[in-house]
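Here's the structure we're looking at; comments come further down.
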Amino acid sequence: MARGKLRIYLGAAPGVGKTYAMLSEAHRRVERGTDCVVGHVEHHDRPRTEVMLHGLEQVPRRRLEHRGAAFTEMDVDAVLHRAPAVALVDELAHTNVPGSRNAKRWQDVEELLAAGIDVVSTVNIQHLESLGDVVESITGVRQRETVPDEVVRRADQIELVDMSPQALRRRMAHGNIYQPDKVDAALSNYFRPGNLTALRELALLWVADRVDEYLNAYRSEHQVSRIWGSRERIVVGLTGGPEGRTLIRRAARLAEKGAGGEVLAVYISRSDGLTSASPKELAVQRTLVEDLGGTFHHVVGDDIPASLLDFARGVNATQIVLGSSRRKAWQYVFGPGVGATVARESGPDLDVHIVTHEEVAKGRGLPVARGGRLGRTRIVSGWLVGLAGPAIFAVLLNTVDLGLANDMLLFLAVTVAAALLGGLLPALASAAFGSLLLNYFYTPPLHRLTVADPKNIVAIAIFFGVGMSVASVVDLAARRTHQAARLRAESEILSFLAGNVLRGETGLDELLERVRETFAMESAALLERAGDVEPWTCAGRAGFGPPLGRPEDADVDMPVGDHMALALTGRVLPAEDRRVLAAFAAQAAVALDRRRLQEEADQAKELAEGNRIRTALLAAVSHDLRTPLAGIKAAVSSLRSEDVAWSEEDRAELLEGIEEGADRLDHLVGNLLDMSRLHTGTVTPLIREIDVDEVVPMALFGVPEDSVELDVPETLPMVAVDPGLLERSVANLVENAVKYSPARHRVLVSASALVDRVEVRVVDRGPGVPDEAKDRIFEPFQRYGDAPRGAGVGLGLAVARGFAEAMGGSLNAEDTPGGGLTMVLSLRAAGTRPEHLPAGEPGTSAGEPGTEPERQAS
């Protein structure tokens with residue numbers, strides 16, 4: 001029987017609509033005549049999801065008891081017996097109740113697939129097993145229910161169900177995901193904008209990797225060697241020179257011209273030790289390419305053109321950007337250069353751009369000697385010159401008699417040339433071979449390896465000695481050049497590390513990547529363990545290759561203390577490189593400690609901020625809650641007392657006191673809830689066009705009569721606001737002004753038009769507020785410590801400003817001419833829209849009018 005096909009709806013976060021999408025797909029299949037049943041779907045009391053179940057056949061669930069409670073799970077046997085063409089199975093990562101057929105629901109799905117039944121399922125990105133630690137570090141919640149990545153990767157189709165964090169939080173605030181009593185807690189914890197954005201990025205990246213796997217598998221299966229320009233991938237070849245910045249910017253501009261363009265900067269180093277380029281310049285170029293949205297790659301290869309082309313074809317690149325050669329004109333005799341070679345061998349699928357820059361034809365300098373040698377090419381050239389040169393001169397000088405002295409000078413010139421090219425050994429061989437030829441052809445007796453004149457013996461000896469001396473000097477200079485270049489590279493690396501220590505800039509992952517690139521290794525990992533017998537764990541890793549269980553499994557390990565080690569794989573490092581590696585290892589330990597300290601500091605900061613708010617809240621509400629409660633309790637106790645016969649007037653007065661206390665409590669709790677919504681970002685205004693004179697008078701019901709003078713012309717333009725939020729804001733401002741305005745002065749509420757704004761001014765004649773405190777009075781809990789008891793909890797003005805900003809307006813305080821304070825509420829005129837408000841997006845009003853009056857600073 002053919003195995004069934006698996007289709008998975010992958011959700012970026014809970015509540016994005018993956019179950020709804022699965023049910024919609026089921027309805028489409030049923031309409032096409034497909035035999036489709038519901039094996040198990042959870043609607044979580046969401047009305048829209050529950051409605052989608054109507055019209056679909058549902059296989060009865062199996063009832064199980066566990067610890068005295070009844071549960072229902074998918075009946076695998078019933079679904080297998082029903083044998084539909086397609087089965088819907090929700091929540092792939094679900095853990096079944098003990099006593100079920102399988103421990104995990106994904107195992108139930110595997111049985112259905114093995115029976116030839118197609119399955120449509122759902123899973124959230126946070127339930128993938130490989131992302132458990134990442135999700136926990138983001139959200140602070142450890143996912144207990146997980147599904148192996150391989151199960152999801154084997155799916156025949158994976159469809160991402162995504163939604164912006166703002167839209168998801170609006171769905172949450174509207175009650176479309178959780179029950180109302182759980183909304184505030186969810187929005188302030190798991191469903192914070194940062195958490196949702198990070199989960200969304202994880203989902204997009206995971207699916208993008210899966211798409212690349214599909215594409216690579218298809219190209220491999222069909223043996224597609226040509227580059228497919230599915231999107232523009234631009235490879236920038238870097239040499240470590242200053243022209244790299246120009247090339248990166250040029251490539252970024254090319255990528256912007258095409259949709260989904262990607263920039264990949266690559267530096268190719270040789271495989272025989274430390275990189276020859278300036279680490280500082282490479283670090284600058286790496287930062288630049290990452291700031292421009294690209295990626296930086298380090299490739300090891302001795303043939304630079306071939307390595308560059310292999311990398312470009314491996315990443316399915318469409319363009320290569322190279323800089324014009326820095327070599328001088330005479331240096332082209334040694335070859336066409338990297339740019340010309342890459343352009344010639346790129347083929348029809350790769351476009352090569354040669355970009356001019358300020359460093360063109362300024363020279364690259366002498367190459368850095370590596371490994372204590374002069375290089376294979378120079379050594380071979382030295383041997384050829386040292387052995388072939390004397391033989392050629394011997395043939396030529398047999399036809400011309402220049403004298404023994406001149407003959408020896410010519411042979412000495414060949415020996416010096418061999419020393420300059422190949423070093424000590426070719427020069428010694430040239431001197432010995434030249435001495436034999438001089439003796440055989442030019443010193444009497446000729447054509448015999450004997451010397452008749454003692455003076456000629458001295459001349460030949462001097463010739464051999466000079467040759468050896470020149471060869472020794474050249475070889476020593478080459479070694480000193482290598483040592484100087486190596487020490488320069490080491491000093492630049494150590495200087496880079498020291499600068500990062502002082503600035504605190506390098507993170508652990510970036511540092512490990514730098515280690516891998518510097519030493520041309522495949523991977524670098526920092527391993528640690530709690531004790532001598534505890535297992536090793538990986539604290540950070542960079543590069544590719546199998547994970548390391550112990551430092552001993554690596555090609556190179558550098559201990560850092562007793563329970564930490566830096567492990568590298570790829571090749572065995574020479575002893576001279578371990579000095580720099582030790583510095584990297586020490587810095588890696590420091591970076592790990594810094595990261596953990598920063599995490600602890602962030603947690604402590606969050607706890608401290610929460611404690612500050614809670615302390616201020618408790619201190620502020622301790623009196624404001626107890627006072628009205630005490631009044632209500634006293635009035636109720638008096639009314640219930642049987643010892644006193646209350647008159648109708650007394651009973652009315654006591655009931656009025658109870659009503660006033662209840663109103664005060666209602667205002668206080670309303671402000672606390674409003675501030676909570678403002679802090680969690682769940683206040684979503686329902687913007688519509690309305691006249692100011694329709695809303696402002698309704699905000700005056702909570703203040704004494706004749707305490708407010710209203711001046712709002714009917715000719716004002718309409719404003720785009722949430723009427724409920726506007727009414728709450730004006731009510732807070734008016735009641736606050738009335739509280740602090742002298743009894744003989746009425747508060748003035750006026751409105752006027754100004755360009756594309758409408759300003760509502762609340763003017764009082766109270767004591768006013770100093771300039772340095774005008775911004776502070778809008779902060780929460782500012783009443784605490786700076787106003788007398790009973791003046792409110794210190795949230796009224798904070799709520800008013802929060803509501804104003806949520807509608808795209810502003811609220812500021814100004815001095816009233818002649819004394820007092822003027823609150824200026826600026827609103828948007830109809831037809832304008834601020835950037836931070838979504839157009840046409842429905843919202844919810846924060847509630848009904850009525851808040852607590854207070855002046856939060858005196």
Side-chain angles (χ1 to χ4, degrees), residues 170 173-174 667 670-671 674 677-678 683-738 741 746-764 778 796-814 816 820-853:
R170 282 196 295 272
H174 295 165
H667 295 164
N671 269 342
D674 290 341
R677 292 191 181 98
L678 286 171
V683 176
T684 306
L686 181 60
I687 302 297
R688 62 188 181 91
E689 297 181 358
I690 194 171
D691 288 318
V692 176
D693 61 335
E694 295 181 15
V695 180
V696 173
M698 300 175 62
L700 308 181
F701 291 153
V703 298
E705 297 181 2
D706 298 330
S707 61
V708 178
E709 178 183 352
L710 191 62
D711 181 17
V712 181
E714 297 181 358
T715 58
L716 291 175
M718 300 179 73
V719 293
V721 296
D722 182 317
L725 297 187
L726 176 59
E727 188 176 339
R728 293 287 295 273
S729 299
V730 175
N732 274 17
L733 298 177
V734 172
E735 294 179 10
N736 190 70
V738 169
S741 189
R746 291 195 298 175
V747 172
L748 173 63
V749 179
S750 63
S752 60
L754 182 64
V755 192
D756 59 345
R757 317 284 291 180
V758 174
E759 289 187 349
V760 177
R761 292 177 172 266
V762 180
V763 184
D764 68 55
F778 294 104
L797 296 183
V799 170
R801 171 173 275 188
F803 285 169
E805 293 177 349
M807 296 184 293
S810 62
L811 176 61
N812 296 289
E814 297 178 356
T816 302
L821 188 68
T822 298
M823 292 292 180
V824 182
L825 177 61
S826 180
L827 305 172
R828 297 180 296 110
T832 62
R833 183 176 70 88
E835 295 181 358
H836 72 277
L837 282 180
E841 185 67 39
T844 56
S845 178
E848 297 300 325
T851 53
E852 176 191 10

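In this structure, CG in L754 is found 7.5 Å from OG in S826, a value given to the nearest 0.5 Å. Taken to the nearest 0.5 Å, the CG atom of D693 stands 12.0 Å off from the CE atom of M698. Remark: R757 CZ to L827 CG distance equals 7.5 Å, nearest 0.5 Å. A distance of 6.5 Å separates CG of L733 from CG of L797, quoted to the nearest 0.5 Å. In this structure, the separation between CD on E714 and CD on E694 is 10.0 Å, given to the nearest 0.5 Å.
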Step-by-step side-chain contact (heavy atoms from CB on, under 4.5 Å) determination, D691 to V719: CA-CA 6 Å; D691 288 318; V719 293; over 6 Å; no
V721/V692 under side-chain contact (heavy atoms from CB on, under 4.5 Å): CA gap, chis, key distance, verdict: CA-CA 9 Å; V721 296; V692 176; over 6 Å; no
Full working for side-chain contact (heavy atoms from CB on, under 4.5 Å) between V762 and L825: CA-CA 8 Å; V762 180; L825 177 61; over 6 Å; no
Step-by-step side-chain contact (heavy atoms from CB on, under 4.5 Å) determination, M823 to L811: CA-CA 7 Å; M823 292 292 180; L811 176 61; 4.3 Å; yes
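No donor-acceptor distance shorter than 3.5 angstrom exists from the side chain of R746 to the backbone of E709, with no hydrogens or angles considered. Between the side chain of R688 and the backbone N or O of P723 there is no donor-acceptor pair closer than 3.5 Å. D722 places a side-chain N or O within donor-acceptor distance of the main-chain N or O of L686, the cut-off being under 3.5 Å. No donor-acceptor pair under 3.5 Å is formed between the side chain of D764 and the backbone N or O of G820. Put simply, the side chain of T816 gets close to the backbone of T822: a donor and an acceptor are under 3.5 Å apart.
Scanning both residues, L716 and A753, for their nearest heavy atoms gives CD2-N, 3.6 Å. Closest approach of A804 and S729 over heavy atoms only: N-OG, 4.2 Å. Looking at every heavy atom in both residues, S707 comes nearest to V738 through OG-CG2, 4.1 Å. Closest non-hydrogen pair, P713 versus D711, comes out as CD-O, 3.7 Å.
By the side-chain hydrogen bond (donor to acceptor under 3.5 Å, both in side chains) test, S750 is found to be paired with no residue, residues two or more places apart in sequence or in another chain being considered. In this structure E814 satisfies the salt bridge (charged side-chain N to carboxylate O under 4.0 Å, His left out) test together with R761, sequence neighbours excluded.
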